[in-house]
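Please read the structure below before turning to the comments.
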Amino acid sequence: MSVQEGLDIAFDAGLDLVEVSPTARPPVCKVLDYGKFKFQAQKKANEARKKQKVIEVKEIKMRPGIDTHDYQTKMKAASKFIDKGDKVKVTVRFRGREMAHTGLGRELMKRVEEDMAEIAKIETMAKMEGRQMTMILAPR
């Protein structure tokens, strides 16, 4: 039907004529309450946003000479973060003469990698950034 006929039908019903598919031949239109349509679309978008899980990046900071008990405590915290679905950024900070022994930091990162292997995968390998070495772990 013509556009004018569609507009007349919509006006008689007290509704709006909404173009659904403008690229189709002929274009497809619908008679509906446009305000209600927009409200429902917004409600659906809000519902979808509510169901999303926001992934946070939690940070665990260590030093190259960390003690075994302190290391175990940090790994327990990291595994809790991974279990919740968050990513974990492991940072080894070097101070003073520790910069001459970055190999200790690499060994520590390798140890973290081995300990977290079954619950996490490495997203970013260990790399030096200034005075600190960082690695990012993500849940499996």
Side-chain angles (χ1 to χ4, degrees):
M1 68 175 62
S2 70
V3 176
Q4 192 56 45
E5 288 177 50
L7 285 171
D8 290 338
I9 292 170
F11 183 76
D12 291 341
L15 300 171
D16 303 309
L17 185 67
V18 179
E19 192 172 31
V20 177
S21 178
T23 56
R25 286 283 156 228
V28 179
C29 296
K30 231 182 193 179
V31 176
L32 53 88
D33 184 1
Y34 187 65
K36 186 176 179 182
F37 173 75
K38 275 181 58 176
F39 174 75
Q40 287 174 341
Q42 184 180 11
K43 202 170 169 184
K44 196 180 293 182
N46 287 343
E47 198 67 34
R49 197 174 312 118
K50 203 181 290 184
K51 290 187 175 154
Q52 283 182 343
K53 165 84 171 89
V54 177
I55 297 175
E56 292 184 41
V57 178
K58 303 285 189 170
E59 187 172 12
I60 301 282
K61 293 182 182 178
M62 294 188 262
R63 298 275 307 280
I66 191 169
D67 196 42
T68 55
H69 182 265
D70 295 333
Y71 173 80
Q72 290 168 351
T73 305
K74 299 275 187 181
M75 289 301 99
K76 196 180 292 183
S79 64
K80 282 182 186 174
F81 295 147
I82 297 278
D83 290 340
K84 285 183 183 175
D86 296 327
K87 293 181 183 180
V88 176
K89 180 179 181 181
V90 181
T91 304
V92 178
R93 184 166 287 150
F94 298 93
R95 287 169 49 186
R97 290 187 179 178
E98 291 173 348
M99 283 300 290
H101 303 286
T102 55
L104 293 174
R106 292 230 179 265
E107 289 173 18
L108 182 60
M109 287 295 200
K110 190 62 98 178
R111 188 170 153 200
V112 169
E113 185 180 324
E114 290 167 2
D115 290 347
M116 302 297 279
E118 62 254 10
I119 61 168
K121 64 178 182 260
I122 297 173
E123 191 170 277
T124 306
M125 294 300 291
K127 62 181 176 193
M128 281 295 288
E129 296 173 349
R131 291 190 159 273
Q132 57 187 23
M133 187 179 291
T134 59
M135 174 172 67
I136 297 177
L137 303 170
R140 282 204 179 269

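- A side-chain donor-acceptor contact under 3.5 Å links S79 to the backbone of K76.
- Side chains of I122 and M135 form a contact here, defined as non-hydrogen atoms less than 4.5 Å apart.
- Side-chain atoms of E98 come within 3.5 Å of backbone N or O of R95 as a donor-acceptor pair.
- L15 and L7 fall within the same hydrophobic cluster, defined by Ile, Leu, Val, Met, Phe, Trp and Tyr side-chain heavy atoms under 4.5 Å apart, directly or through other members.
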Practice task
Determine, stepwise, if the pair K89 / K58 fulfils side-chain contact (heavy atoms from CB on, under 4.5 Å).
Solution key: CA-CA 6 Å; K89 180 179 181 181; K58 303 285 189 170; over 6 Å; no
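- Between E59 atom CD and D86 atom CG the span is 13.5 Å, to the nearest 0.5 Å.
- In this structure the side chain of F94 reaches within 4.5 angstrom of the side chain of M128, judged on heavy atoms.
- With rounding to the nearest 0.5 Å, the separation of CD1 in I66 from OG1 in T73 is 8.0 Å.
- Using a 4.5 Å cut-off on side-chain heavy atoms (C-beta onward), M133 and K127 make no contact.
- Figure legend: cation-pi geometry between R111 and Y71, with NZ or CZ positioned under 6.0 Å from the six-membered ring centre and within 45° of its axis.
- Here K74 contributes atom NZ and D67 contributes atom CG; the two are 12.5 Å apart, rounded to the nearest 0.5 Å.
- Residues T134 and V90 are not in side-chain contact: their nearest non-hydrogen atoms beyond the backbone lie 4.5 Å or more apart.
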Practice task
Could you check E107 against K110 for side-chain contact (heavy atoms from CB on, under 4.5 Å), going step by step and ending with a plain yes or no?
Solution key: CA-CA 5 Å; E107 289 173 18; K110 190 62 98 178; 5.5 Å; no
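- In this structure, A120 and I82 approach most closely via the heavy-atom pair CB-CD1, 3.8 Å.
- Of all non-hydrogen atoms in V92 and G105, the two that sit nearest each other are CG1-CA, 4.3 Å.
- For the pairing with Y34, the side chain to side chain contact (heavy atoms under 4.5 Å, CB included) check across K30, K38, K36 returns one residue only, K38.
- Transitive grouping of hydrophobic side chains (ILVMFWY, heavy atoms separated by less than 4.5 Å) keeps V20 and V3 in distinct clusters.
- Between G96 and R131, the closest heavy-atom pair is N-NH1, 3.7 Å.
- Counting non-hydrogen atoms of neighbouring residues, nucleotides and ligands closer than 6.0 angstrom, the CZ atom of R97 reaches no more than 12 such neighbours.
- A 4.5 Å side-chain heavy-atom check between V18 and C29 finds every atom pair outside the cut-off.
- In this structure the side chain of D16 never reaches within 4.5 angstrom of the side chain of V31, judged on heavy atoms.
- Contact annotation: the side chain of F81 approaches that of I60 to within less than 4.5 Å [non-hydrogen atoms, C-beta and beyond].
- Summarising the geometry of E19 relative to P27, their closest heavy-atom pair is OE2-CB, 3.7 Å, with the distance given to 0.1 Å.
- Looking at heavy atoms from C-beta onward, M116 lies in side-chain contact with M75 at the 4.5 angstrom threshold.
- Classification of E56 and K87 as a salt-bridged pair fails, no side-chain N sitting under 4.0 Å from a carboxylate O.
- Both I119 and M125 belong to a single network of hydrophobic side chains, linked directly or stepwise wherever heavy atoms of I, L, V, M, F, W or Y lie under 4.5 Å apart.
- A donor-acceptor contact closer than 3.5 angstrom is absent between the side chains of Q42 and N46.
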Handout entry: Trace of the side-chain contact (heavy atoms from CB on, under 4.5 Å) decision for M62 with L108
Key = CA-CA 9 Å; M62 294 188 262; L108 182 60; 4.2 Å; yes
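- Without hydrogens or angle criteria, R140 side chain to A117 main chain gives a donor-acceptor distance under 3.5 Å.
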